[in-house]
Amino acid sequence: SFIGPPMGKVVVVSLLFFSLLTAPAVLARPVEGKERTLVLLDDNGVRRSHATFFSLLEERGHTLTFKEAEDGDASLTSYGEYLFDNLVLFAPTAQDLRGMIDVHALVDFVDSGHNVLVAGASDLNDLTREFGAECGVEFDESGTFVMDHLNFDALDAEGDHTRVLIDQIATDATMIVGTEKYETPVVYRGVGMAIDDQNPLVTKIMWGSPTTYSFFEGQPIRTYPQSAGLETVLVAAMQARNNARVTFFGSLEMCSDVSFKAAAQRVSGIHIDKTANKQLCTELSKWTFHERGVLRHSNHLHHRVGESGIPHFYRVKDNLEYEVHIEQWTGEKWDPFVGQDVQVEFVRIDPYIRRTLNNDGASRFTTAFQVPDVNGVYKFRVDYWRPGLTRLFFEDKVIVRPFRHNEFERFIPTAFPYYAGAFSMMFGFFIFGWVYLYNRSD
Amino acid sequence: MFVSLPSAKQVVVLRIFILALVCIVAFATRLFSVLRFESVIHEFDPYFNYRTTKFLVSEGIYNFHNWFDDYSWYPLGRIIGGTIYPGLMLTAALVHWALNALNFTVNIRNVCVLTAPLFASNTALATYLLGKEVENEKTGLVAAALIAIVPGYISRSVAGSYDNEGVAIFALIFCFFLWVKSVKTGSLFWSAMCALSYFYMVAAWGGYIFIINLIPLYVLVMIFVGRYSHRLYVAYCTLYVLGTLLSMQVSFVGFQPVYSSEHMAALGVFVFLQVYGGIRWISNVLPPDYFRALFRIVFLTVAAAAGVAFVAASVTGYVAPWTGRFYTLLDPTYAKAHIPIIASVSEHQPTTWSSFFFDLHMLTFMLPAGLYYCLKSATDGNIFIVMYGVTSVYFAGVMVRLMLVLSPAACVLSAIAISNALRTHMTHIHSPPADKTTGKKGAADTVVPYQQEISLAIVLGITALLVFYTFHCTWVTSEAYSSPSIVLAARQHDGGRIIFDDFREAYYWLRQNTPEDAKIMSWWDYGYQITAMANRTVIVDNNTWNNSHIALVGMAMASDEEISYKIMRSLDVDYVLVIFGGLVGYASDDINKFLWMVRIAGGEHAEIREEDYFTPQGEFRVDREGSPILLNCLMYKMCYFRFGSILTEHGKPTGYDRVRNTEIGNKDFTLNHLEEAYTTEHWLVRIYKVKSLANRG
């Protein structure tokens with residue numbers, strides 16, 4: 001067809017980019033003004049061992065500031081202003097955090113709309129563990145490993161089966177893990193997690209096979225492990241209500257240079273040239289740092305058909321139009337959002353009307369409907385909450401009032417018999433009165 | 001100068017002078033509350049009336065008529081124009097406009113505060129007219145003097161008590177006066193006047209139902225005792241036709257006069273009167289034998305058909321079912337069994353004997369005497385006042401607040417008794433004993449020994465009674481009925497007065513410190529005050545038109561915090577307000593009202609069960625023995641938050657509740673979804689802010 005060849009070329013080119021280690025990163029950048037990223041490390045050795053990951057971040061426009069956790073001079077704020085937009089918390093084992101960063105600072109950082117990428121490790125410190133708990137992620141006990149006696153890396157010389165190969169990735173959450181197919185497993189060595197089922201904001205992104213479990217390495221299992229099988233979460237993502245994003249890996253090693261380049265071998269003997277670690281880490285960091293899946297809205301307004309201003313109230317059965325502009329960050333600029341499933345509800349405790357907004361392709365979403373024949377205080381509510389996208393939630397209060405006394409129809413056909421009755425009665429009474437008064441027959 | 005007038009004119013001047021004094025007394029005795037507190041609107045409903053009057057004055061009549069209020073019953077809203085009796089507001093607004101037109105710039109609050117005393121004076125005049133019409137001028141004067149200070153009426157008409165009843169009692173009495181007048185004269189003019197005053201009554205108060213049932217009943221009685229006359233026919237037909245058409249102009253009443261059961265009696269009597277008049281005419285025209293045959297065939301068939309039609313209409317629901325309040329009137333136990341929201345209102349409770357005496361004093365036993373005098377020499381007017389007295393005694397016994405309707409009847413009947421007794425015995429005092437010995441009198445007037453002394457004793461007795469009555473009324477007015485209940489007063493140990501102004505403190509806090517569109521949830525009692533004084537949106541208020549909405553609020557109060565939070569989120573509640581009397585010992589607080597919330601919530605939501613809030617022994621208690629569901633529900637937590645660490649009385653443990661006289665059972669708890677926003681000086685009002693959803697969970 002006409003479009004076929006160029007499209008195909010694009011796909012091939014992007015595949016090439018992904019497959020080449022030294023390829024320049026795709027054009028994805030965090031949303032304007034959100035590039036300042038603090039990297040908090042156990043020690044400077046991590047900076048070297050994870051150099052590829054950091055260089056990928058820098059290529060995508062992040063200005064990285066490296067701090068060692070035990071330096072003691074790391075701080076997220078200065079005089080109440082946040083110095084950073086994002087935090088890479090790669091300090092899972094540092095025990096002595098003398099700096100200004102404690103779990104409250106991290107929580108405040110997230111609650112004021114900033115993003116955090118957290119890596120764990122087997123001997124996890126309290127800071128990471130408590131921060132996880134604040135975000136609905138529970139790390140397993142310190143010293144435990146995720147193990148799998150059927151899906152470990154056969155090339156691993158240690159033989160303790162803690163270097164596991166993971167194929168279970170939430171590939172349907174394409175906003176988070178990317179649209180690219182995961183051809184090879186991810187190699188993982190670290191702590192397992194469990195997520196809070198009561199918390200609707202946390203999702204598991206990578207989890208174990210049915211034979212995976214988490215326990216102290218080399219010890220006989222006497223108690224039930226904290227997590228086993230598919231419940232063993234290895235990567236979890238949380239998007240807070242203010243759209244701050246936090247991603248947890250249980251394994252710092254997962255995004256090291258070594259893991260990025262590593263080869264592996266399945267128990268069945270199938271050799272894997274290159275694991276998917278680099279692909280996963282890159283995609284997760286893009287999502288976490290608001291380089292992808294970011295929507296913004298503006299100009300949500302409503303008016304009567306044929307008018308333009310936002311009225312203070314509507315009358316029942318008025319016809320109105322609703323519109324909102326929604327844009328999506330493509331990694332370079334704000335483009336019109338193309339979703340076809342954005343809905344608006346007209347709510348008075350319950351939704352009385354629910355309409356899918358028509359998208360004109362130029363970021364304008366519109367619909368028109370008739371106000372229900374029930375007076376009250378309504379809200380236009382848009383609640384667009386899709387996996388991986390920032391949540392759009394906004395409401396506009398509006399009053400719907402009944403007809404005024406002079407807005408009812410005045411002469412309805414149904415009433416004509418009554419008019420006729422009244423007038424004939426008056427006429428008849430007049431005749432009767434005249435006859436009665438002036439025609440005495442005696 | 002006065003003595004130089006001829007004696008007939010002296011009487012007129014004296015009468016005017018007495019009436020003027022009566023009016024002044026009626027007005028002045030109602031000012032205790034203004035002098036003792038300030039010019040402030042009282043209680044609950046008056047705040048709503050005040051708010052609507054302000055709206056009427058500032059926005060005009062049309063906007064008032066079409067007012068859709070988005071500040072109450074969020075998010076349902078309330079069509080105020082169509083759900084109120086606008087007579088009171090229009091009256092106050094007219095007074096306000098008239099005064100301003102005359103350059104007396106009285107602000108609308110003061111007009112509202114003084115509307116009830118002003119109309120109390122008018123009521124005294126109307127009662128004079130009624131008494132005059134029923135008996136004579138002297139009776140009218142006594143009746144006017146009695147009603148000017150009768151506590152049963154003062155309870156609803158002190159300055160600041162800006163409620164419908166304030167003007168409605170005047171309308172009621174005036175309407176009765178015109179009715180008696182039109183029955184006596186048979187004049188179209190007076191009947192039309194009566195219909196107009198009935199219209200005013202309809203516009204002012206839902207109690208017009210009493211008029212539109214009492215008058216037909218009176219007509220029926222008149223027919224059955226054989227006092228049917230053309231005067232009666234003209235008066236009733238004019239009143240019914242004009243009055244019904246006029247009453248339908250009040251939008252809250254609308255088409256009720258043609259389909260609701262409460263109005264069917266009037267319609268039935270109207271039809272019956274036509275039939276009765278027709279039959280009388282036919283019986284005059286036809287020979288008796290023919291007439292009897294015709295009567296049997298036609299009349300009985302029609303009557304049977306009408307009866308069947310009425311029953312069918314009632315069963316199919318075409319004639320609206322009788323409302324709960326009406327059933328409560330006929331069967332005092334009905335509400336308790338079926339409609340908790342009606343039973344929960346204290347003024348809908350049956351009346352105790354003591355409150356009869358408290359509100360009527362000597363009228364309680366003068367009333368039967370008045371009935372005796374009326375029946376002794378029955379006239380059309382007398383029979384009416386007897387029927388008014390008898391029916392209102394019954395209704396006052398059923399519902400405390402209907403004492404208000406009884407009071408004028410009691411005053412008129414007592415006035416008849418008093419003035420008759422005085423007239424009889426005063427003549428004996430004046431007539432010298434020598435007259436009797438001459439034997440000029442007829443045989444009927446037999447000589448009674450010591451007649452003059454007995455008469456003197458009776459006159460003195462009545463005078464003493466009247467004096468005691470005056471003292472009693474003044475005392476009751478001053479002590480019981482002049483408290484605005486928005487500001488509370490109490491006596492300290494040393495006898496000094498202490499003022500609790502916590503309600504206004506809380507409402508002003510809301511007004512100053514919360515966003516303008518904040519929604520406040522509280523029990524419905526406080527809804528009117530919050531909208532009027534805090535100017536904030538409320539979920540439910542004293543206009544209890546939507547039981548399920550109130551039940552939802554009751555459920556939020558009676559459930560544990562998690563469930564309540566979901567309900568409050570769905571209602572967009574920003575703040576919750578509770579009344580708590582445990583610190584100062586204010587007994588009518590939310591914990592004491594709590595069982596009503598549970599009952600009302602339980603009526604709509606099966607998960608709320610009243611017995612869960614009692615101990616296994618069936619007691620309602622908040623101490624350690626109390627039911628765990630009660631000790632963990634939202635209402636308990638909001639009332640007793642931080643109370644466990646407070647020392648309220650010497651020699652008692654912390655957290656000692658001075659209303660329930662017990663140490664509370666659950667002292668140490670935290671609130672997850674609410675945070676304390678404000679607690680007033682004496683902890684009477686506590687306000688909590690509903691937190692928004694947690695950012696990370």
Side-chain angles (χ1 to χ4, degrees), chain A residues 106-114 116 131-137 195-202 238-246 312-316 346-352 374-379 381 391 393 395-408 422, chain B residues 59-83 86 241 245 249-252 254-255 258 515-519 536-540 545-546 548-549 552-553 556 562 566-574 672 691-697:
Chain A
L106 291 179
V107 164
D108 289 345
F109 188 66
V110 172
D111 287 349
S112 47
H114 303 96
V116 186
F131 181 57
E134 288 287 340
C135 298
V137 171
I195 61 170
D196 178 5
D197 332 328
Q198 304 295 317
N199 190 332
L201 305 173
V202 190
M238 195 232 17
Q239 178 170 283
R241 292 190 199 276
N242 63 355
N243 290 322
R245 290 172 181 171
V246 185
H312 178 56
F313 58 81
Y314 290 99
R315 197 189 64 195
V316 293
F346 200 51
V347 183
R348 195 191 81 166
I349 301 183
D350 302 312
Y352 274 64
V374 180
N375 52 263
V377 181
Y378 286 80
K379 288 180 293 188
R381 176 190 289 163
R391 185 183 185 183
F393 181 84
E395 295 179 327
D396 296 295
K397 194 184 99 169
V398 73
I399 298 163
V400 173
R401 66 157 177 79
F403 287 106
R404 287 175 65 90
H405 70 284
N406 55 2
E407 282 173 338
F408 292 97
Chain B
E59 305 285 327
I61 288 177
Y62 277 123
N63 285 332
F64 175 69
H65 183 60
N66 291 307
W67 187 12
F68 176 70
D69 181 19
D70 57 310
Y71 269 62
S72 54
W73 293 93
Y74 180 88
L76 312 176
R78 177 180 172 195
I79 304 169
I80 298 242
T83 56
V241 172
L245 284 177
Q249 308 310 309
V250 177
S251 52
F252 191 24
F255 280 92
V258 289
E516 270 183 36
D517 61 346
K519 287 101 193 164
R536 292 293 178 270
T537 310
V538 294
I539 308 295
V540 292
W545 66 277
N546 189 323
S548 64
H549 212 55
L552 203 58
V553 171
E562 296 296 325
K566 288 203 180 79
I567 297 171
M568 292 189 291
R569 292 279 310 168
S570 74
L571 292 171
D572 296 331
V573 173
D574 297 305
N672 297 323
K691 291 185 195 167
S692 49
L693 284 171
N695 187 37
R696 285 167 281 104

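Side chains are part of it too, since the values below use all heavy atoms of this structure and drop only hydrogens, waters and symmetry mates. Here is how names work: the chains are called A, B, and so on, in the same order as the sequence lines, proteins then strands, and each is numbered from 1.
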If one checks every heavy atom of A:Glu407 against chain B at 4.5 Å, the contacting part turns out to be neither
Stepwise side-chain contact (heavy atoms from CB on, under 4.5 Å) test for A:Val377 and B:Lys519: CA-CA 12 Å; A:Val377 181; B:Lys519 287 101 193 164; over 6 Å; no
Taking B:Asn695 for its side chain and A:Asn242 for its backbone only, find out whether a donor-acceptor pair lies under 3.5 Å. yes
Most contact-rich option vs chain B, by heavy-atom pairs under 4.5 angstrom, among A:Val107, A:Ile349, A:Asp111, is A:Asp111
Do the rings of B:Tyr62 and A:His405 sit parallel, tilted or perpendicular, given the 30° and 60° boundaries? parallel
Just how far is it from atom CZ of B:Arg696 to atom CE of A:Met238, taken to the nearest 0.5 Å? 7.0 Å
Apply side-chain contact (heavy atoms from CB on, under 4.5 Å) to residues A:Arg401 and B:Asn66 and explain how you reach the verdict. CA-CA 9 Å; A:Arg401 66 157 177 79; B:Asn66 291 307; over 6 Å; no
Could you go through the side-chain contact (heavy atoms from CB on, under 4.5 Å) check for B:Asn63 and A:Arg404 one step at a time? CA-CA 9 Å; B:Asn63 285 332; A:Arg404 287 175 65 90; 3.4 Å; yes
Please give me the minimum heavy-atom distance between B:Phe68 and A:Gly376, naming the atom from each residue. CZ-N, 3.5 Å
Counting only non-hydrogen atoms closer than 4.5 Å, does A:Val374 touch chain B with its backbone (N, CA, C, O), its side chain (CB onward), both, or neither? neither
Any chance CZ of B:Phe255 has more than 12 other-residue heavy atoms, nucleotides or ligands included, within less than 6.0 Å? no
Between CG of A:Asn375 and CG of B:Asp69, what distance do you get to the nearest 0.5 Å? 11.5 Å
Tell me, side chain or backbone of B:Asp572 under 4.5 Å from chain A's heavy atoms, or both, or neither? side chain
First locate atom CZ of A:Arg241, then atom CG of B:Leu693, and finally report the distance between them rounded to the nearest 0.5 Å. 4.5 Å
Contact class of A:Leu201 relative to chain B, heavy atoms under 4.5 angstrom: side chain
What part of B:Leu571 gets closer than 4.5 Å to chain A, counting heavy atoms only: side chain, backbone, both or neither? side chain
Greater than 12 external heavy atoms within 6.0 Å of B:Lys691's NZ: yes
